[in-house]
Every structure is written in C-alpha cells, then in structure tokens.
Participant: 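Take this structure first; my questions come after.
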Amino acid sequence: KRAENGSVSVVRKEPHPNDITAPFVPKMTAALGGSYQVTPRQNVGASLRAVGEHNRAPEAYILNLNYGYDQAPFSLFANIRNLLDETLFATDIRDFDDEELIPNGDGINLLAGIKYSF
C-alpha cells in the first residue's frame, strides 16, 4: 500500500492603516509540501516556501527535499534544505530602520542521520 500526502497554505496580510510595522512584514507567504511512499520502506518528499518582498527585502523561495528508509528498528533519513541557496532577509524592525537588511539562513545544507526505535 502506497501513501501520498501534501499540504498547501497561503497567508495574505492586509496592513492596518495604523500599523507602523506593516512595511516590514511580507504581504504574502505560501508553503507547498508533500511526500510519497515509494515502497513500504522508502519515502521521498519536498516542500517549497515562498516569502513575498517586504520593504527592501526581496522575495525568496526555499526548496527542501527529503528521503527516508525504514527497516525496524532503524530509520535512515536525509534532508537537503534550501536547495536553491536562497537568502531570506529581514528588515530591522527593532529600530524601524528600512535601510538595514539582516540576512537569515544557512545556505544549502544537508541533514542526515540514523534513528533507532525501541
């Protein structure tokens, strides 16, 4: 028996006229993700997160891929995060400074491991 699952979410924010933080928050963010059970022991998945531009920060897309293999009591997993090597930027809301962009992220990275369940 194979299984698939997925999810989609979109957040759209309309700023309140008196909200002084509104320029520092993206008007739209979205996420799409899913996984597929290739065999009874193997699964693959992917997720994509989109963050709209805000103030001086550009839009960004974060793509993640994952793979898992289960052979009780062990599980192997590997995740490639930020495959597109995007940098998320935040504007300096602490000082309400729209000139400073703060980079946020680790670039492309790999997380792999073995899990033992008992």
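Quick note: residue numbers are just sequence positions, from 1. Keep in mind that what you see is a predicted model, and the values were worked out from it rather than measured.
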Participant: Testing the basics here: between T87 and P103, what is the closest heavy-atom pair and its distance to 0.1 Å?
Facilitator: CG2-CB, 3.9 Å
Participant: How would you list all residue pairs meeting side-chain hydrogen bond (donor to acceptor under 3.5 Å, both in side chains) that involve residues 74-83, not counting sequence neighbours?
Facilitator: D70-S75, R81-N109
Participant: Side-chain heavy atoms under 4.5 angstrom apart, residues restricted to Ile, Leu, Val, Met, Phe, Trp, Tyr: same cluster for I108 and L111?
Facilitator: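 No, because I108 and L111 fall into different hydrophobic clusters, even though each may have its own neighbours under 4.5 Å.
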Participant: In terms of hydrophobic clusters joined by side-chain contacts under 4.5 Å, are L83 and V44 together?
Facilitator: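 Hydrophobic grouping puts L83 apart from V44.
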Participant: Could you work out, with ring pair (Phe, Tyr, Trp, His ring centres under 6.0 Å) as the rule, every residue matching Y61, not counting sequence neighbours?
Facilitator: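 Ring pair (Phe, Tyr, Trp, His ring centres under 6.0 Å) list for Y61, sorted by chain: empty.
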Participant: Measure across E86 and E59 and return the closest heavy-atom pair with its distance rounded to 0.1 Å.
Facilitator: OE1-O, 4.5 Å
Participant: Can you get from L110 to L76 by hopping between Ile, Leu, Val, Met, Phe, Trp and Tyr side chains that sit under 4.5 Å apart?
Facilitator: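 Each belongs to a different hydrophobic cluster.
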Participant: Nearest 0.5 angstrom please: M28 CE to H54 NE2, how far?
Facilitator: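 If we round to the nearest 0.5 Å, M28:CE and H54:NE2 are 14.5 Å apart.
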Participant: Would you indicate whether E53, at its atom CD, is surrounded by more than 12 heavy atoms from other residues, nucleotides or ligands within a distance under 6.0 Å?
Facilitator: no
Participant: Output every pair passing ring-ring contact (aromatic ring centres under 6.0 Å, His included) with a member in residues 62-87, not counting sequence neighbours, ordered by first then second residue.
Facilitator: F74-Y116
Participant: Return the minimal non-hydrogen interatomic distance between P26 and G52, and the atom names on each side.
Facilitator: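 In this case the closest contact between P26 and G52 is CB-O, 3.5 Å.
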Participant: Listed by chain and number, what are the side chain to side chain donor-acceptor pair (under 3.5 Å) partners of N64, not counting sequence neighbours?
Facilitator: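 If we apply the side chain to side chain donor-acceptor pair (under 3.5 Å) test to N64, skipping adjacent residues, the hits are S47.
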Participant: Run through the side-chain heavy atoms of Ile, Leu, Val, Met, Phe, Trp and Tyr, join any pair under 4.5 Å, and report what else lands in L88's cluster.
Facilitator: V51, I62
Participant: So, do P58 and F89 sit near enough that their side-chain heavy atoms are less than 4.5 Å apart?
Facilitator: yes
Participant: Determine the minimum heavy-atom distance between A46 and L65, stating which atoms define it.
Facilitator: CB-CD2, 3.7 Å
